Amino acid sequence: QSVLTQPPSVSAAPGQKVTISCSGSSSNIGSNYVSWYQQLPGTAPKLLVYDNNKRPSGIPDRCSGSKSGTSATLGITGLQTGDEADYYCGTWDSSLSAVVFGGGTKLTVL
Amino acid sequence: EVQLVQSGAEVKKPGESLRISCKASGYIFSTSWIGWVRQMPGKGLEWMGFIYPSDSDTRYSPSFQGQVTISADKSISTASLQWSSLEASDTAMYYCVRHGGGQRLDSWGQGTLVTVSS
């Protein structure tokens, strides 16, 4: 059972927009920055969004992040088949003194 | 460019010991926390712990405390993850990660697959 809660799967058509939610508590999302990671099939995860809403260099502005209270959301617009991947939210948990992740969300571009 | 290059896949028997490694380049190794993430087959990501190479301060996730040992050698910019007695349940992909500000994991190694089977 993951500390952060994500939907197991989401899907949308090419060109459309999708959002992935991540729910936590006051000891993690509520008091720390949230990051999002993309894991393409058979590859290592990659940082997609950090500090709730910042993108590393090279990440397109089709990807965006937001946070409100104890929840965070990843948004991807203009979906492409190459966006099919598992997406994970992560943050620091001040009670556990550990990085915690959501269980991951599988994005299917229909 | 930050790079984390991990050692190759391992096949071990239960009860055997193992050390896997992660060589860092492209940044000052001593001044960033470096950690490990486990991904069991078909499952999600689990953070194991991290080390600050400058002073070897090491922290573990409660789930992994006492199960593994994380170490770092500043002289060769290499972090390691070690088991003294493997179990079948240790079968997984292990990623080394560099911690950036805000505890973001901003660089990932390519992964080391560890298979434990009799």
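These numbers come from a predicted model, not from an experiment.
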Same hydrophobic cluster for [X] and [Y], using side-chain heavy-atom links shorter than 4.5 Å among ILVMFWY?
X: B/Met40; Y: B/Val116; value: no
X: B/Val68; Y: B/Leu4; value: yes
X: A/Leu4; Y: A/Leu48; value: yes
X: B/Leu45; Y: A/Val100; value: no
X: B/Leu86; Y: B/Phe64; value: yes

Is it true that, when you exclude A/Leu40 itself, more than 12 heavy atoms of the residues, nucleotides or ligands shown sit nearer than 6.0 Å to its CG?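 Enclosed: over 12 neighbouring heavy atoms sit under 6.0 Å from CG of A/Leu40.
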
Side chain, backbone, both or neither of A/Pro45 within contact of chain B (heavy atoms, under 4.5 Å):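 Both parts, heavy atoms under 4.5 Å.
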
May I have a table of the donor-acceptor pairs connecting chain A and chain B at distances under 3.5 Å?
{"from": "A/Tyr37", "atom 1": "OH", "to": "B/Leu105", "atom 2": "N", "distance (Å)": "2.9"}
{"from": "A/Gln39", "atom 1": "OE1", "to": "B/Gln39", "atom 2": "NE2", "distance (Å)": "2.9"}
{"from": "A/Gln39", "atom 1": "NE2", "to": "B/Gln39", "atom 2": "OE1", "distance (Å)": "2.9"}
{"from": "A/Gln39", "atom 1": "NE2", "to": "B/Tyr95", "atom 2": "OH", "distance (Å)": "3.3"}
{"from": "A/Tyr88", "atom 1": "OH", "to": "B/Gln39", "atom 2": "NE2", "distance (Å)": "3.3"}

Minimum heavy-atom separation for A/Leu47 and B/Leu105, please, with both atom names.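 It is CB-O, 3.7 Å.
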
